[in-house]
Structures are given as structure tokens and as C-alpha cells.
Amino acid sequence: MKSFTPEIDYDNTVISIGDLYKSFGTNHVLRGVDLKLHKGENIVVLGRSGTGKSVLIKIIAGLLKPDAGTVNVLGEEVPQLGPIALRELRMKVGFCFQNGALYDSMTVGENLAFPLKRNEPNMKAEQRNKLVDIVLDAVGLSHTIDQMPAELSGGQRKRIGIGRTLILRPEIMLYDEPTAGLDPITCTEINNLINEVQRRFKTSSIIITHDLTCARATGDEIAVMKEGKFIKQGKFDEVFTDNDELIREFYDYNFTQ
Amino acid sequence: MESNDQPEKYVISKGVDAFFISVHDIFRFIARFFREVLRPPLEVKEFIRQCYMIGYKSLALITLTGFITGLVFTKQSRPSLAEFGATSWLPSLISIAVIRALAPLVTALICAGKVGSGIGAELASMKVTEQIDAMEVSAINPFKYLVVTRIMACTVCLPLLMAYTALVGMMGSYLDIHLNEQTSITAFFNKAFNDIAFLDLFASLTKALTYGFTIGVVSCYLGYNATQGTTGVGKAANVSVVVSMFLIFIEEIIIVQIVNSIR
């Protein structure tokens, strides 16, 4: 549970998805997804592997094109954006990959400075370094600034990945399986970091996970996905006190692993 | 994920369709390279870094192979020329062989093996670990930063490496000739360059530029579009070398035919 009350503006929708379809060959991955993310809100998309969760956020980030449906992010229809407009939008939408996706050939400091160097070439080195220090401090890994990604643990890589996303001060954060493959203590640290990002940076987030603990800790709303569509949406307790067989099945599956 | 029961439809067959789709994709990849190459921002620092990795880091291998190629080719040619008492023609023979054919080809094959596999594996590894996607979502153009710089560096470095291979190859040849005929280095190079025409130098330069571009495009394309996780990394590295070498030999035949028709 969160130790603070998030400031959610229900009159302000930052992501609006309508009737979204996506297939890969004969695999129908998304089959009519509808979703609304409000400003300041954390929505957790919960589902077993292969249900299309990651595909959904990759479409939101413009990494994949949908077959049908609308994807409106901060007032822009993502599938219709050209490369320049899409790049401008991506400055406002952060994407945290499952394994951090840190650049192997760069140190942690360089990983964080890289998006700034590319997108804000006029920024002075001192200012850039200061921002790197601030973000590293926010993710609690200031001491790793000169380390290479290969020297970091899985949890540290994810935290640096979140930091690298935060450095561009995005309005929206997309987390792809932030706690996958981590021990329970590190999972709790990541969950706390996601909440801290929401509180401190006033971000709105979509968190993709199959981890119910993460969902309960970080989500203001839960959307359960099965076979490419949402079968249930609501607060965690509303969703998981339901007697729906599919929901119970997922709950039991999660806690017997 | 679910699949429906309808089989996928192909124009000819799965393999043939895939081949033509790949060819189409490669041409689109090359077209994108030409669109992006002069569009700002020019990635000068990354280009220089790649030149260092591709050019400077290949020097040791190029020196060894170039020198041995020149030395061995001279040793192999000597008995045939000695039969006619024509060993004084060795410098001319070697220079023509080295500059027209050996230097471009040896340099290209070494670079296809060393540089092509390196680029293929590096980009494929970045692809399967989502580092390329991470650049994309950080509002960075990964094609410009990763692909354009590497293709440019290959295209620029190959001619320089070829010139260097020719030089060390000639030095290898000189060593053998000097030990047998006590020829001075000035006399050796005078004789060597007597029979080299501008067309030879131009043809070699064209070959090196073409081979460099080919190695860059093939390895970047295969790495950038890698799939299948870690297996894809090995496959990208391996196929980069095989396809680059195959195309280099095809290009060699075409360029030699064109040059001979001009000569």
C-alpha cells in the first residue's frame, strides 16, 4: 500500500486507448483493448506471460504500429505521428525496459547523460552532470556512477534504467515488468521507487507486471488482461475480491509459483 | 496469444517470399542510409570512434597478413620467372598483383571477418537486449547513431587499410627481393611503380570503397534486424561474414570486368 495519497486528476486523460487490435501473422495478440490513464495515476496491467501486455506499451511508445484502434497520448494520435513528432512525444514518455536495457559500452553516468546529450545539445556539461547526480541520488545509486552495467546487479540495472528514463523529466512512465526476476526485498525497493517517482516527479504510469505484490503496492487501478483484452478493471481489492473464475485462477496461479 | 486456424498465404513459397522480402528490406535500409547520412546532427564523435575501432584496431592483423602475402607471393613467383631469367620483373609483377587484386581483396576479406562479425554481433546484441529500442524511446535516432556511423566508417577505413596493406605487402616483397638480389629500396619501388597506371589505382580505390560499404551495410542490416535472442546474435555475426565475403567476390568479378573493358 502507498504511504501517500496520489494526486490524480480524473478530468485530465493523458493516455486514451480505444478498440486496439494487434496481430503478428496469425497470432492475434491484442483484441479490442480500451484503456484510460489519468494525470497522476498509476495503472497496473496484470496478466500472465504472452497475453499482450508488453505489446500494449510498445504501441503506446510508438515502437509497434497497431492494426486497428486509437492510441492517444498527451493529445497526439501516436500511430499517425511522423518521426520528428514521435521523437518530440517520446521526450515526454519514459519507457523502462524489463532488463534495464542499459548501454553496455557506457558507464552508468554516461548512460544517464546520453539522452540529455542527444536531446539537449546546448546544455552545459556541468548542468548535465548535476542532473545525473540528482537522478542517481533519486534512485539511490550515486556510488555506481563510474561502474559499467555488467558490474551491476539485476535490481541496480532496473533502477538505473528508471533513472535514465527520469532524466528527461517525462510526464508518463511505462514500466515493463519492473520486478521480474528479482528477489522479494529488491522487488519491494523497486515498488517503493515507482511510488516515489509518482510522488516526487508527478508522473502518470502504466506498469506491466504479473506480480500481484507489485500490482498491490504500486497500482491506483488494476486492469487484468487475458487473451488480448481486459477482463476486469478497478481497484485492487475490487478486482481480487470478485468471484470471477478467471480472476481467481490468476490469483491462485500467482501465489502458487 | 492465440492463433487462428487459417494457414498463412504465400505468393510463391515461404522461402522465396522471405528472400524477396529481405532483398526489398535491404534496399530500403540502404535508401534510409542515404537519406540520413547528411541530415544533421552529424555524429562526428561516434564516426571517429568507429574509425578507430574499425581502422586502427585492424592494423595489427592487416600488417601481418599484408606482409606475409607480399612475401609469399614473391617467393611463389620467383621460380617461374627464374626459368626465363626474368626475376628483375618481380617488382613490377608484385606491384601489379598487389595493387590491382591482392590488397583490396585481402583487406576486404580480413575486414569482413573481423569487422563484419564484430558489427553484426554488437548490433544484434544491442537489439536483443532492447538497447536499440531504449535509444528509440529516449528520442534518439538509433539508425543515425549506430548504423550510419558504422557504414561510413567502414567505407572510409577500407581504402586507407587497403593502401596500408599494399604498402606492407610491397615491403614483404622487397624483403625477399633484397635478400636474393640485393636490390635497393629506391630501385625496387621505381621498378614497382613503373607499370602501375592511374586506372589501377582508381580501380583499387573503387573496389575498397565498394567492399567497405558492402561490409558495413550487410553487418549493420543483419545486426540491426536480429531476432531470436542470443541465438540471433551468433547468427547475425556468422551470416554477416558469409554474405559479405560472397558479395565481395561477386563485386570483384564485376569491377574487374568493367575495368578490363575500359583498359
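We name chains A, B, ... by the order of the sequence lines, and we start the count at 1 in each one. All values derive from a computational prediction rather than experimental measurement.
- Using a 4.5 Å cut-off on side-chain heavy atoms (C-beta onward), A/F95 and B/D133 make no contact.
- In the model, B/Q131 has a side-chain atom that pairs as donor or acceptor with a side-chain atom of A/D104 under 3.5 Å.
- Taking OH of A/Y103 as the start and CD1 of B/I140 as the end, the distance is 4.5 Å to the nearest 0.5 Å.
- Separation of atoms OG (A/S54) and CD (B/E130) is listed at 8.0 Å; rounding is to 0.5 Å.
- When heavy atoms are compared at a cutoff of 4.5 Å, A/V55 does not approach chain B at all.
- Residue with the most contacts toward chain B among A/L102, A/N99, A/V93, A/T165: A/L102 (heavy-atom pairs, distance under 4.5 Å).
- For B/R28, the CZ atom counts as loosely surrounded, since its 6.0 Å shell holds 12 or fewer non-hydrogen atoms of other residues, nucleotides or ligands.
- Counting heavy-atom neighbours within 6.0 Å of A/R169 CZ, excluding the residue itself, gives a total of 12 or less.
- A side-chain donor-acceptor contact under 3.5 Å links A/N119 to the backbone of B/S138.
- With a 4.5 Å cut-off on non-hydrogen atoms, A/L30 does not touch chain B at all.
- Between B/E136 and A/R90 there is a salt bridge, since at least one side-chain N of the basic residue sits less than 4.0 Å from a carboxylate O of the acidic one.
- Under the 4.5 Å side-chain criterion, counting only non-hydrogen atoms from C-beta, B/V137 is in contact with A/L63.
- Comparing A/R164, A/R118, A/K58 by how many heavy-atom pairs each has under 4.5 Å with chain B, the most go to A/R118.
- Atom NZ of B/K114 has more than 12 heavy atoms from other residues, nucleotides or ligands within 6.0 Å.
- For B/E122, no part sits under 4.5 Å from any heavy atom of chain A, backbone or side chain.
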